[in-house]
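Working notes, beginning with the structure itself.
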Amino acid sequence: MSATGPVNGGGLRARGLSVGYGGEPVVRDLDLDVPPGGLTMIIGPNGCGKSTLVKALARAVRPVAGEVLLHGRDLASYRGKEAARHVALLPQSPIAPEGISVRGLVRRGRYPHHSLLRQWSPDDDAAVGEALERTGLTGLAEATVTELSGGQRQRAWIAMVLAQRTELLLLDEPTTFLDIAHQYELLELCAELHREGRTVVAVLHDLNQAARFASHLVVMDAGRIVAQGAPGEVLTAELVADVFGLACDIVPDPRAGTPMVVPHARHAAVVPGGAAR
Amino acid sequence: MTPLERTAASGPRGVVTLGSRVALPVHGRQLLVGAVVVLLTAVASVATLSLGELGIALADLPSAVTGGADGADAFVVERLRGPRLVVALGTGAALGLSGALFQSVTRNPLGSPDVIGLASGAGAGAAVVALMMPGEVPVSLGALVGAVAAMVLVYVSTGSGFRNPGRLVVAGIGVAAMATAFTQYVVYAVERDKATALTAYVNGSLAARSWDDAATIGVVLLVVVPLALLLGRRVEIGEMGDELAGVLGAEPQRTRVSAVVLSIVLSAGAVAVAGPIAFISLTAPQIARRLTRGTGAHLALATLTGALLLVLADLVAQQSPIDDGLPVGIYTMAIGGVYLGWLLTREWRRGSL
Ligand SMILES: Nc1ncnc2c1ncn2[C@@H]1O[C@H](COP(=O)(O)OP(=O)(O)OP(=O)(O)O)[C@@H](O)[C@H]1O
Ligand SMILES: [Mg+2]
């Protein structure tokens with residue numbers, strides 16, 4: 001674990017949080033305690049406000065009401081780079097500056113640790129190197145980000161977030177663009193960060209992956225949290241039907257024993273011996 | 001070993017340290033390119049003073065610029081070419097920096113003050129003040145008001161501020177055309193010797209500049225350049241989009257407003273002393289970026305490149321066998337037009353416009 005890294009777990013909380021983009025708020029009067037040192041996964045249908053919530057938790061959008069508390073203090077009262085030394089965010093669709101290399105992008109994650117006259121810190125090289133290594137990008141460090149494949153680019157962004165070396169990491173759909181093996185590699189990375197004592201919050205669309213890796217599952221619908229807790233208790237057939245409008249069975253994951261969603265697909269291939277309903 | 005490398009050796013590689021307070025990364029390539037640009041600018045400046053019929057012989061140049069000349073040489077240095085050269089250097093630098101700031105915060109290589117009507121607006125403002133209320137209001141104030149008005153018009157008429165690259169360019173070209181038409185109207189309504197007066201407000205010229213002009217642009221640079229350099233790192237982080245820049249603590253909204261304000265002041269200053277000179281602020285940052293093959297706003301290098309470009313263009317304007325009366329703005333327009341066409345086609349092919 002790094003010297004500038006985790007300090008006694010991250011305390012991030014939302015109180016009466018409402019966030020909007022001018023019209024009706026899309027996150028409404030929401031309370032959330034992000035479990036310090038936990039691996040929290042947020043699930044919910046498209047457009048329910050997951051991205052908006054994590055953006056507000058990282059100060060990328062301003063709340064219209066309520067507040068986000070970081071270590072008990074209003075996040076809005078932190079000075080520029082100070083909050084960025086505690087909380088990192090991987091946005092859902094980040095923009096890569098034209099012509100930037102992977103290393104250049106990852107190095108920008110060090111910005112919060114710099115000042116006007118000290119645009120370099122002793123930990124920079126180690127942090128950048130470690131971030132590249134953990135995302136398997138060491139060999140691609142000098143490549144141009146815009147010329148990478150979607151999955152490689154996604155990993156470059158994750159590396160940038162890691163280089164920030166914050167105790168809190170918020171990842172908005174970190175597995176998009178990744179092939180199945182890299183998806184699990186990334187989820188393992190989240191689990192590893194979690195074991196190291198960092199607080200990780202990730203928005204995920206795959207309910208099975210969320211249930212399998214989360215220590216805390218948060219289910220959102222229409223700007224509110226409708227359920228949260230241990231995946232085994234939260235993820236039920238009723239909830240999936242209510243929130244996603246999808247009829248399904250919940251069976252134990254044969255490997256991990258965590259809840260696994262098996263949808264009642266109408267057009268499934270008929271397998272001899274399968275329990276068709 | 002240069003002194004710089006020696007300092008760097010005390011810290012980590014590629015970082016210049018000074019005690020424990022200062023640690024600045026240096027990019028070898030950027031330094032090299034910067035040095036080459038400065039050298040070329042010096043060569044072009046010498047050529048400006050010494051070429052042609054009135055030119056000062058190279059051997060006499062050192063004494064002439066230090067005030068040791070008399071007669072014809074003194075006239076050339078003190079009145080004719082000296083102030084013109086200094087104004088070209090300062091105006092070019094201001095335009096280069098203005099363009100780099102604006103293009104960076106709009107994340108758009110075409111989001112340049114001269115393309116989107118800032119310079120034309122400043123020209124119109126200057127024309128109104130100089131021709132309709134001569135002596136009452138300083139021309140530079142007129143240029144500033146015109147520039148601000150043009151930018152407000154562009155900002156409002158895109159419906160999405162400076163964010164959408166395509167709309168920004170289209171609205172900007174419209175505003176630029178309107179401003180130019182307005183300038184022509186003002187000139188024709190007021191001035192008798194229309195052709196020359198119009199040239200000065202539509203094309204930009206460096207003919208017959210005085211030390212007063214040099215002082216004006218000098219003061220603008222003296223105030224704005226340090227502020228721009230302070231803003232440089234944030235502008236660079238801002239290229240990652242508002243959300244991420246906000247999370248990283250680079251205060252994107254405030255940074256953008258500051259950068260746009262500085263850019264407008266620089267362009268207005270340039271227009272006040274030289275008229276709306278086209279395409280320096282579009283091309284200088286792009287050339288700087290390509291030369292270093294890097295990212296970021298390249299504020300310092302774009303400033304140097306702008307100065308080089310304008311001095312070169314003015315050298316051509318002065319020594320051109322075609323017509324020595326042609327204003328420098330026509331030359332920058334011709335070269336920049338070709339470049340703009342190339343840039344537009346490239347963006348269009350890539351589907352980003
Ligand atoms: N920048 C924005 N401006 C205006 N409205 C927005 C903006 N971003 C999101 N919204 C709206 O806010 C609502 C919630 O969006 P949000 O991105 O938080 O959803 P989400 O749960 O992350 O969805 P998805 O699963 O598709 O990523 C949506 O209705 C969306 O239209
Ligand atoms: Mg989302």
Side-chain angles (χ1 to χ4, degrees), chain A residues 51-52 54-62 75 78-101 103-105 107-122 124-126 144-146 157 160-161 163-164 166 168 170 172, chain B residues 8 11-27 103-105 107-109 163 165 226 229-255 285-286 289-298 346-347 350 352:
Chain A
S51 294
T52 306
V54 289
K55 280 192 273 182
L57 290 177
R59 202 186 48 165
V61 289
R62 281 191 177 284
L75 192 59
Y78 281 77
R79 300 193 50 193
K81 296 172 188 163
E82 198 187 345
R85 291 193 284 266
H86 296 281
V87 189
L89 168 71
L90 172 72
Q92 194 168 350
S93 21
I95 307 164
E98 203 192 322
I100 200 167
S101 68
R103 187 186 299 279
L105 184 78
R107 203 172 266 155
R108 291 198 173 182
R110 299 302 297 165
Y111 173 76
H113 301 275
H114 297 164
S115 66
L116 197 58
L117 293 176
R118 276 191 63 87
Q119 297 182 2
W120 174 87
S121 76
D124 283 6
D125 290 344
T144 306
V145 173
T146 41
W157 281 107
M160 192 223 79
V161 169
Q164 233 175 299
T166 52
L168 271 141
L170 309 176
D172 196 352
Chain B
R13 227 171 67 83
V15 179
V16 172
T17 51
L18 219 172
S20 63
R21 286 290 170 96
V22 181
L24 296 172
V26 287
H27 307 286
Q103 289 177 24
S104 179
V105 295
R107 270 174 248 127
N108 180 358
R163 269 190 300 268
L229 293 181
L230 287 182
L231 206 63
R233 198 82 199 293
R234 288 181 177 201
V235 168
E236 199 177 294
I237 298 292
E239 291 183 343
M240 301 170 88
D242 278 12
E243 282 174 10
L244 213 42
V247 175
L248 287 171
E251 302 181 324
Q253 273 96 359
R254 203 186 295 173
T255 303
Q286 295 297 319
R289 181 183 287 260
R290 280 183 180 71
L291 287 178
T292 57
R293 293 200 211 114
T295 49
H298 290 320
R346 202 183 57 128
E347 292 278 307
R350 277 210 212 143
S352 52

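Just so we're on the same page: letters track the sequence lines, and every chain starts at 1.
Atom CD of B:Glu243 sits about 8.5 Å away from atom OG of A:Ser51, to the nearest 0.5 Å. To the nearest 0.5 Å, atoms NE2 (A:His114) and CG (B:Leu248) are separated by 11.5 Å.
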Go through B:Glu236 and A:Arg108 one step at a time and tell me if the salt bridge (charged side-chain N to carboxylate O under 4.0 Å, His left out) criterion holds. CA-CA 9 Å; B:Glu236 199 177 294; A:Arg108 291 198 173 182; 3.7 Å; yes

A:Arg59/B:Val247 under side chain to side chain contact (heavy atoms under 4.5 Å, CB included): CA gap, chis, key distance, verdict: CA-CA 6 Å; A:Arg59 202 186 48 165; B:Val247 175; 5.9 Å; no

Could you go step by step and tell me if B:Arg289 and A:Glu98 meet the side chain to side chain contact (heavy atoms under 4.5 Å, CB included) rule? CA-CA 10 Å; B:Arg289 181 183 287 260; A:Glu98 203 192 322; 4.0 Å; yes

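A:Tyr111 has its side chain out of reach of B:Met240: every pair of non-hydrogen atoms, C-beta onward, lies at least 4.5 Å apart.
Between A:Ala84 and B:Gly249, the shortest heavy-atom distance links the atoms CB-N, 4.3 Å.
When the candidates A:Leu89, A:Val61, A:Leu90 are compared by the number of heavy-atom contacts under 4.5 Å with chain B, A:Leu89 comes out ahead.
Using a 4.5 Å cut-off between heavy atoms, A:Ala58 contacts chain B through both its backbone and its side chain. Residue contact with chain B, scored on non-hydrogen atoms closer than 4.5 Å, involves the backbone and the side chain of A:Lys81 alike. Of the atoms belonging to B:Ala250, heavy atoms from both backbone and side chain fall under 4.5 Å from chain A.
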